[in-house]
Amino acid sequence: MTTAAPGISRDRVTIRFAGDSGDGMQLTGTQFTTTSAMIGNDVSTFPDFPAEIRAPAGTLPGVSGFQIQFGSVNIRTPGDAPDVLVAMNPAALKVNLHDLPDGATILVNEDSFSESNLKKAGYASNPLEDGTLKAFRVVKQPITTLTREALKEIGIDSGSKDRCKNLFALGVMYWLYDRPLEPTLEWLSTKFKKKPLLVEANHIALKAGFHFADTTEVFTSHYQVPAATHLPAGEYRQVMGNEALALGLTTAAQKAGLPLFYGSYPITPASDVLHHLSQHKHLDVRTFQAEDEMAAVCASIGAAFGGAMAVTGTSGPGVALKAEAIGLAVMIELPLIIVNVQRAGPSTGMPTKTEQADLLQVMFGRNGESPCGVVAPATPGECFTLAIEACRLALTHMVPVFILTDGYLANGAEPWLLPNPDDIPEIKVNFITEGNGPDGVLNGYQHDPETLARPWAIPGTPGLEHRIGGLEKWDVTGHISYDPENHHHMCKLRAEKIERMVVPDAELIGPEEGELLVVSWGGTYGAVLTAAEELRLAGKEITVCHLRYINPFPKNLEATLRKFKKVIVPELNLGQLCMMIRAKFMVDAISYPKVHGRPFQVAELVAKFSEVLSD
Amino acid sequence: MTTAAPGISRDRVTIRFAGDSGDGMQLTGTQFTTTSAMIGNDVSTFPDFPAEIRAPAGTLPGVSGFQIQFGSVNIRTPGDAPDVLVAMNPAALKVNLHDLPDGATILVNEDSFSESNLKKAGYASNPLEDGTLKAFRVVKQPITTLTREALKEIGIDSGSKDRCKNLFALGVMYWLYDRPLEPTLEWLSTKFKKKPLLVEANHIALKAGFHFADTTEVFTSHYQVPAATHLPAGEYRQVMGNEALALGLTTAAQKAGLPLFYGSYPITPASDVLHHLSQHKHLDVRTFQAEDEMAAVCASIGAAFGGAMAVTGTSGPGVALKAEAIGLAVMIELPLIIVNVQRAGPSTGMPTKTEQADLLQVMFGRNGESPCGVVAPATPGECFTLAIEACRLALTHMVPVFILTDGYLANGAEPWLLPNPDDIPEIKVNFITEGNGPDGVLNGYQHDPETLARPWAIPGTPGLEHRIGGLEKWDVTGHISYDPENHHHMCKLRAEKIERMVVPDAELIGPEEGELLVVSWGGTYGAVLTAAEELRLAGKEITVCHLRYINPFPKNLEATLRKFKKVIVPELNLGQLCMMIRAKFMVDAISYPKVHGRPFQVAELVAKFSEVLSD
Amino acid sequence: MTSAVVQLKKKDFVSDQDVRWCPGCGDYAILNAMQRIMPELGVPKEKIVFVSGIGCSSRFPYYMNTYGFHTIHGRAPAFATGLKCTNPDLTVWLVTGDGDGLSIGGNHLLHVIRRNVDINILLFNNKIYGLTKGQYSPTSEVGTVTKSTPLGSLDRPLNPLRFALASEATFVARTYDTDLKHMQQVFKAAAAHKGVSFVEILQNCPIFNDGCWTENLAKKVRKDKVLFLEHGKPMVYGADKNRGLKLDGLALEKTSWEGDETPADVFVHDSTVESSVLATLLTEFTDPIPVGIFREVQAQPYDEALINQLDVAKDKSKGQGLAELYRQGANTWTVE
Amino acid sequence: MTSAVVQLKKKDFVSDQDVRWCPGCGDYAILNAMQRIMPELGVPKEKIVFVSGIGCSSRFPYYMNTYGFHTIHGRAPAFATGLKCTNPDLTVWLVTGDGDGLSIGGNHLLHVIRRNVDINILLFNNKIYGLTKGQYSPTSEVGTVTKSTPLGSLDRPLNPLRFALASEATFVARTYDTDLKHMQQVFKAAAAHKGVSFVEILQNCPIFNDGCWTENLAKKVRKDKVLFLEHGKPMVYGADKNRGLKLDGLALEKTSWEGDETPADVFVHDSTVESSVLATLLTEFTDPIPVGIFREVQAQPYDEALINQLDVAKDKSKGQGLAELYRQGANTWTVE
Ligand SMILES: Cc1ncc(C[n+]2csc(CCOP(=O)(O)OP(=O)(O)O)c2C)c(N)n1
Ligand SMILES: Cc1ncc(C[n+]2csc(CCOP(=O)(O)OP(=O)(O)O)c2C)c(N)n1
Ligand code: SF4
Ligand code: SF4
Ligand SMILES: [Mg+2]
Ligand SMILES: [Mg+2]
């Protein structure tokens with residue numbers, strides 16, 4: 001976007017708020033997003049917090065950012081590069097500058113460009129003056145001063161006044177993109193219900209920013225981004241991936257008529273799932289903050305043994321710690337959901353950054369042959385749907401199922417059409433209440449011929465007293481067995497259980513055969529789709545096959561792969577899905593690996609796909 | 001073997017001792033093996049103990065077995081099926097009977113076939129009388145009575161007398177295969193040094209067995225198995241895999257001039273490595289029995305940080321628990337050896353049984369992209385050589401390296417030509433004692449251009465004080481970095497370190513190109529080689545490529561794979577190496593998976609290879 | 001199908017599995033004691049679950065004809081917690097060993113105890129790793145020679161009861177494998193306690209650590225080397241009941257007397273004091289070794305408190321369901 | 001290159017890394033105290049290692065210009081053990097938090113303490129998970145409302161010192177972030193102790209648990225709510241030094257008096273008694289809260305004992321090398 005002509009209508013815009021951790025950028029971004037969504041835009045967001053610890057004010061590691069793409073068209077990513085950057089201090093400018101395209105607009109809080117702040121940001125001279133920003137349209141305003149001025153009548157301390165400056169900046173942006181103030185005004189009234197002075201101060205700051213932009217001529221024009229027309233009718237809200245996941249899990253348990261048990265140990269970026277679920281207690285959700293990840297998963301397996309819809313959630317390092325116990329769940333054939341909100345590794349890695357490098361870990365990271373189901377939502381909202389799907393699969397086949405999301409999905413948000421709970425089908429549970437063997441005895445490992453599920457005989461059921469454990473089992477009876485043939489049979493049976501899962505065919509976007517097939521999975525969906533669309537519009541033959549089910553693969557995958565001359569697999573890892581596809585289907589798929597700790601940019605995908613197409 | 005003609009010479013014989021856990025079968029088998037080796041036979045053994053807990057005497061789960069193949073030719077496996085079974089009680093007979101080929105000889109202790117023992121073994125009628133054994137040559141003798149009789153003059157209690165019956169049986173076997181008694185007599189003298197009466201009793205029992213067989217005519221003939229001629233000259237001993245591994249680790253540390261630190265938590269079948277190393281203290285070996293596997297690996301990494309040759313050892317479930325910490329070792333680029341003595345999984349599985357199903361776990365079982373080296377010895381004796389190799393690779397490249405063995409290698413034994421320590425090359429260590437950066441500062445992540453090793457600056461070195469940890473590092477400086485490009489670069493660099501390892505080309509046994517290539521790894525070596533040899537003798541075109549290095553693969557693997565019409569990968573898992581090969585080389589390798597909890601039989605491999613060859 | 005509780009007998013609690021401990025193992029007696037008290041608890045079989053980790057001791061569930069879960073090494077407390085949170089109605093027994101419970105599982109044991117989850121924990125202490133064939137354990141004395149410590153172990157042993165007390169255990173007791181009656185008493189008291197019950201059982205492993213408790217428990221010395229604690233009773237022991245413990249400053253000292261009358265200064269055991277100091281003091285004794293109930297205080301169990309929270313939340317929510325949940329805390333808008 | 005120990009100053013121990021704790025975090029003061037005492041220890045910089053787990057507190061090593069190892073969550077004790085066994089000459093400090101040390105790391109902390117590895121452990125207790133943005137921790141009181149416990153936490157808190165005592169700690173102390181002088185004293189005493197030293201530091205987290213210690217430590221109340229333990233001195237506290245503790249049976253009771261003379265029945269602190277009962281008793285107090293050294297007894301450190309074993313083994317082996325090792329305990333034979 002350039003701000004050349006006045007009154008222009010845009011079909012999509014990307015903006016980024018950036019400031020110090022204490023500057024309230026996440027709040028500002030969220031408000032902009034909600035308002036945009038409420039006026040009918042499609043939106044997608046990408047919050048980018050600093051590393052775990054709050055750095056001292058003004059430093060580079062302390063910078064917090066929030067990017068939003070909003071539009072009247074289908075918005076699938078938070079945007080590659082911002083049209084507008086709001087930079088609340090020099091550090092925020094410095095950290096974000098390299099992401100800006102030439103001609104982008106930068107709104108800076110001039111007040112913060114003090115000598116000491118410049119130094120903290122590592123600027124030798126003032127970038128507002130030394131020509132650093134000549135490629136951009138810079139709008140510098142003394143936002144702090146203006147905010148103080150607007151609030152001079154309000155009886156709160158000056159620290160509290162200064163903390164309102166983000167709302168001033170938000171007001172400016174609301175004017176620039178012609179957004180109503182009411183949703184934010186209302187939200188503020190609720191949030192500070194108990195502190196009326198703060199409500200007033202924030203209201204004034206927001207309005208002041210809006211009016212300031214309106215009356216001064218700092219921007220030559222403002223923009224309209226009309227409501228999107230592709231969104232189905234209905235009631236919407238914003239939802240982030242972790243919250244959608246929590247809602248999905250609770251829904252699944254309700255639909256199965258089971259209590260939900262969620263055992264977890266806090267870890268970035270998965271903790272919010274625990275936080276959300278701990279607010280669902282009225283729907284029989286039992287959250288357990290365990291002493292560590294091993295206790296979390298084991299408690300969940302204990303709950304599964306007891307007949308709960310058992311879930312455990314964590315991020316990659318936590319999955320490593322849970323591996324041994326997940327192997328037990330495989331062996332005892334109990335339903336279990338393991339949520340892995342991936343983050344950048346190896347080891348502690350870059351814990352606040354996103355990545356997809358745990359796929360092979362969840363596939364193979366256990367001793368012995370211990371197959372689990374694996375599903376991967378493509379968008380924040382889909383975390384809801386696939387959480388339900390994962391529960392259905394786990395309960396139907398009596399197996400552990402992984403849900404693989406990532407930091408990008410977890411914290412990203414999108415408009416979510418509220419489902420009608422009545423439309424969501426019930427989930428059948430394999431409880432058994434009477435002996436299924438000779439003389440009414442329990443055959444605990446009598447497998448259903450279709451699903452290969454074993455019966456779920458939970459403690460409390462008279463007459464079905466039995467013992468299970470991690471030692472190999474005789475098929476049918478479930479007693480301990482060291483028999484060679486039986487072991488081979490059981491290993492294959494456990495693998496077959498996963499193969500038997502009924503999962504929908506993979507969605508194909510684009511022609512059903514042709515030049516180039518892009519196989520993607522998880523949170524890269526939006527970027528991959530947008531890139532492919534762009535290329536198709538440019539006349540290229542390119543199709544996307546996005547996988548939401550990875551173990552088992554959808555049945556149509558093999559045939560699909562064989563219908564294209566080339567196959568490329570873009571992933572935020574060093575080629576993990578690609579390896580699985582090559583091994584399984586003997587298709588010479590090309591890997592496009594990226595481990596930057598952040599989502600794909602549409603542009604880099606377009607470039608890579610074009611290159612492969614023209615090779 | 002059939003016992004048709006007298007005085008026959010055999011080039012290979014397989015016998016199995018089986019009895020109750022308390023019957024001393026492991027001791028008996030070991031003595032037979034040692035004696036055979038000492039008279040020049042090549043030998044290979046397979047002990048098969050009952051599950052972890054001692055079952056009550058006389059029951060099926062209490063049966064303990066020990067199989068030996070010995071011969072004048074190259075003996076690479078413990079043999080498929082025993083020529084002779086020694087069965088000390090009905091349970092031992094029942095458990096082992098189905099492994100016997102028609103015509104095999106069974107020596108049974110008639111005394112133990114009491115009604116109660118028959119019942120414990122689940123025999124409705126006496127198999128010695130009901131025709132069950134009609135396909136076999138049964139030699140039934142009242143071994144208990146005969147032993148008591150022989151010992152009637154000795155002043156020890158009758159329990160102790162009865163415990164000598166295994167030596168009576170051993171004496172019989174020594175006569176049958178024309179073995180000297182002296183080695184065992186001497187061994188007994190040392191073992192019971194402090195109990196002369198026991199020495200005497202055991203000596204008498206052994207001799208009594210020998211003379212009994214000599215004078216009575218229970219066997220129509222006895223056999224000679226001449227000394228092997230293919231064994232290189234030198235001093236030999238028997239060695240089991242776990243012991244060889246311990247010796248190799250200690251040797252490597254000495255050759256690198258470092259203390260050896262071994263952190264471990266007991267687990268079957270890896271505990272013996274700890275037991276052996278704890279006897280190497282005089283060679284600066286520090287063993288640490290940790291509170292759990294996580295503490296074991298973390299203590300080892302702490303030791304590596306401190307400059308030790310750090311090793312941690314366990315079996316599959318323990319590797320699962322160590323996964324998180326191994327990721328840290330990858331990130332901090334310190335040398336670390338992880339020993340995985342594989343056992344049958346998943347979960348607790350069949351802990352005393354062998355399997356190769358942890359390959360993908362050690363390759364991929366950690367969060368994020370965290371590559372490690374992987375080596376796999378082919379025989380018990382090779383555990384020594386590859387332990388040294390693994391240490392060399394870890395120290396040269398500053399990376400974690402897995403040694404994958406299994407229960408079969410760990411407890412199996414073979415004659416081992418004692419190495420001359422002086423012939424083993426020293427191992428260079430990357431210690432740094434002065435700053436390598438500007439102003440004498442430490443660049444902790446300055447990678448060697450060839451090996452990609454980083455310098456090892458250990459605490460205690462003046463001037464090199466620095467901090468490391470699990471967060472992503474800037475290349476060169478080693479400071480914390482959240483930079484996207486650097487992260488991608490470092491992920492690739494860590495992978496490249498493994499690729500840079502210089503490993504020998506894979507050994508090819510058979511023609512260099514042709515019909516069928518068998519790619520095998522680890523402990524299946526002997527069986528695969530023997531099967532292929534058998535087929536080659538029968539005129540088939542078949543070659544074996546046995547991998548001792550799995551990450552990285554030997555450089556000649558790819559070219560080799562492409563020179564054969566068909567490739568088959570036999571493994572004691574559901575196709576793990578096969579998957580890696582297919583993915584990496586796009587070679588449509590056929591998997592021959594077997595998860596029986598026991599080694600391949602030569603015959604089943606011959607059958608499968610023939611089938612593939614004639615397809 | 002319902003089960004008639006009243007008629008249950010010991011044999012109803014014997015499972016169809018062959019018992020696979022070594023001949024002479026102390027675990028047999030413990031199993032026997034447990035099977036004997038089962039019918040007396042008045043709990044139907046199907047409501048009883050035995051959970052264990054890995055170890056010889058952890059085979060226990062296989063032999064009980066109740067529900068049973070032989071989990072993985074050291075983690076039984078976590079499994080039991082999840083199970084109780086799912087169904088607080090169940091009577092859950094947790095069987096662990098000195099290795100399973102205090103080595104790999106120390107952390108989970110600590111936390112299940114401090115949470116006061118309403119389960120009964122039995123720690124079989126044979127001061128050795130039995131199942132892995134004889135390595136020293138966290139309760140082995142310094143200098144113990146085992147397969148992994150040919151020159152003697154270096155680590156100072158833990159005292160399981162002191163550990164449990166520091167973990168804020170509400171019920172702490174000790175018994176031993178050769179006293180069937182005492183075991184039964186202690187097990188029944190543990191079962192009766194609401195909240196976590198922690199019981200150390202001194203157990204012999206004839207194969208790898210034979211005689212590990214004979215110093216106190218050998219028939220000949222037992223009377224003089226064991227102190228049977230009884231709430232409200234003076235701390236008297238000895239074959240002739242003429243020895244005892246009395247307070248001296250912050251210590252308990254041994255004392256003895258002639259005649260039948262117990263002196264007034266012999267300390268009277270009180271297992272119900274809130275402070276854990278007396279119990280801690282008693283754990284320091286090895287001669288005589290105290291057995292019986294060290295401590296027994298009341299606190300709300302975790303599982304009960306959890307269910308209370310659910311109930312309160314349900315009440316407050318006034319029947320709100322999924323539809324309301326989807327809107328909870330969010331702004332919504334409508335696309336026409 | 002050698003370093004001249006005598007001339008080191010506080011600034012020599014300040015690393016080049018920007019300190020990244022929140023403004024006002026108690027960790028700053030602790031760092032300050034540590035950097036101040038460093039030169040006084042007489043240990044060259046290169047022989048000092050700070051090892052930590054994960055948490056705000058565990059960032060500590062980055063700010064010390066010594067060797068440092070920021071490991072993984074909860075496992076620092078194990079890393080420190082391996083390091084000390086490799087090089088017992090090093091002075092190793094272990095920094096952990098209430099979550100890192102008592103939640104995920106409880107087992108390792110227990111075992112490193114019972115082994116008496118010669119390291120100094122600092123547990124920063126802010127009763128919250130700081131780094132993961134505010135969930136309750138094992139030291140949080142029942143009913144604590146956090147992100148993960150909107151209706152209040154249910155688990156009963158652990159007392160870190162009681163935990164350390166039950167783990168057989170040989171040195172146990174407590175200090176707090178707002179008393180620079182006291183912290184320095186305690187740190188120096190910890191450093192001087194041979195064997196494991198365990199120090200709890202009461203620390204404020206202004207962001208997620210502000211004021212978690214104000215009940216005792218707020219300037220206004222501090223004098224009346226803190227008891228400074230000193231070995232050999234009576235347990236006296238209060239702004240006017242006219243309050244104290246005296247023994248009553250097995251309990252310590254509060255007492256107060258008029259005038260300057262401390263009554264004779266005020267209990268005299270003895271940190272060197274072998275029994276851990278007095279120290280345990282003191283851990284039960286929260287008003288006043290005792291700080292200072294609770295317990296300090298001698299025992300051989302694990303790392304020292306390990307090296308002794310190696311030495312003995314070397315002596316015994318009389319220079320046997322690899323060639324002899326290969327033959328150790330085996331029959332050999334010769335193939336010609
Ligand atoms: C993860 C894991 N590590 C190690 C083991 C091996 N292991 C099984 S039981 C055991 C110790 C058992 O000791 P204890 O708990 O005292 O039980 P006991 O056999 O003495 O009754 C060990 C180390 C295992 N099964 N799993
Ligand atoms: C295996 C693993 N699980 C979880 C986490 C997330 N995590 C990091 S620090 C922490 C708790 C920190 O609390 P505490 O030790 O009290 O330190 P504080 O931040 O309060 O100083 C958690 C749960 C992690 N880093 N690794
Ligand atoms: S090894 Fe010891 S504890 Fe285990 S069953 Fe045998 S006697 Fe009992
Ligand atoms: S979150 Fe709390 S403990 Fe962590 S740095 Fe900030 S103030 Fe300190
Ligand atoms: Mg034990
Ligand atoms: Mg904390």
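Here the structure is a predicted model, which is why all the values come from computation and not from measurement. All heavy atoms count here, side chains included; hydrogens, waters and symmetry mates do not. Throughout, protein chains are lettered first and strands after them, A, B, ... in sequence-line order, and every chain is numbered starting at 1.
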Contacting region of C:Ile113 [heavy-atom separation from chain D under 4.5 Å]: backbone

- request: Write down the atom of C:Leu154, the atom of D:Ala305, and the distance for their closest heavy-atom approach.
  value: CD2-CB, 3.7 Å

query: So which of C:Ala164, C:Gly106, C:Ala251, C:Pro138 has the largest heavy-atom pair count under 4.5 angstrom toward chain D?
result: C:Pro138

field: Distance (rounded to the nearest 0.5 Å) between C:Leu250 CG and D:Leu281 CG
entry: 5.5 Å

- line: Taken in chain and number order and not counting sequence neighbours, the residues that satisfy ring-ring contact (aromatic ring centres under 6.0 Å, His included) with D:Phe79 are D:Phe69

statement: So, the part of D:Leu282 with a heavy atom under 4.5 Å from chain C: the answer is neither

- line: Of C:Leu158, C:Val312, C:Leu278, the largest count of non-hydrogen pairs under 4.5 angstrom with chain D goes to C:Leu158

statement: Per-residue tally against chain C (heavy atom, under 4.5 Å) across D:Leu102, D:Leu252, D:Leu109, D:Val142 peaks at D:Leu102

- prompt: Taking every heavy-atom pair that is under 4.5 Å apart, which of D:Ala313, D:Gly152, D:Gly105 has the most such pairs with chain C?
  reply: D:Gly152

Please list every donor-acceptor pair closer than 3.5 Å that links chain D with chain C, giving the two atom names and the distance for each.
from, atom 1, to, atom 2, distance (Å)
D:Leu102, O, C:His111, NE2, 2.8
D:Ser103, O, C:Asn107, ND2, 2.6
D:Gly106, N, C:Asn107, OD1, 3.4
D:Asn107, OD1, C:Gly106, N, 3.4
D:Asn107, ND2, C:Ser103, O, 2.6
D:His111, NE2, C:Leu102, O, 2.8
D:Ile113, O, C:Arg156, NH2, 3.3
D:Arg114, O, C:Arg156, NE, 3.0
D:Arg114, O, C:Arg156, NH2, 3.3
D:Arg114, NH1, C:Arg156, O, 2.8
D:Arg115, NE, C:Asp155, OD2, 2.9
D:Leu151, O, C:Gln309, NE2, 3.0
D:Gly152, O, C:Gln309, NE2, 2.9
D:Asp155, OD2, C:Arg115, NE, 2.9
D:Arg156, O, C:Arg114, NH1, 2.8
D:Arg156, NE, C:Arg114, O, 3.0
D:Arg156, NH1, C:Glu168, O, 3.4
D:Arg156, NH2, C:Ile113, O, 3.3
D:Arg156, NH2, C:Arg114, O, 3.3
D:Arg156, NH2, C:Glu168, O, 2.6
D:Arg162, NH2, C:Glu168, OE1, 3.4
D:Arg162, NH2, C:Glu168, OE2, 2.6
D:Glu168, O, C:Arg156, NH1, 3.4
D:Glu168, O, C:Arg156, NH2, 2.6
D:Glu168, OE1, C:Arg162, NH2, 3.3
D:Glu168, OE2, C:Arg162, NH2, 2.6
D:Ser275, OG, C:Glu284, OE1, 2.9
D:Ser275, OG, C:Glu284, OE2, 3.2
D:Ser276, N, C:Glu284, OE2, 3.0
D:Ser276, OG, C:Glu284, OE2, 3.4
D:Glu284, OE1, C:Ser275, OG, 2.9
D:Glu284, OE2, C:Ser275, OG, 3.2
D:Glu284, OE2, C:Ser276, N, 3.0
D:Glu284, OE2, C:Ser276, OG, 3.4
D:Gln309, NE2, C:Leu151, O, 3.0
D:Gln309, NE2, C:Gly152, O, 3.0

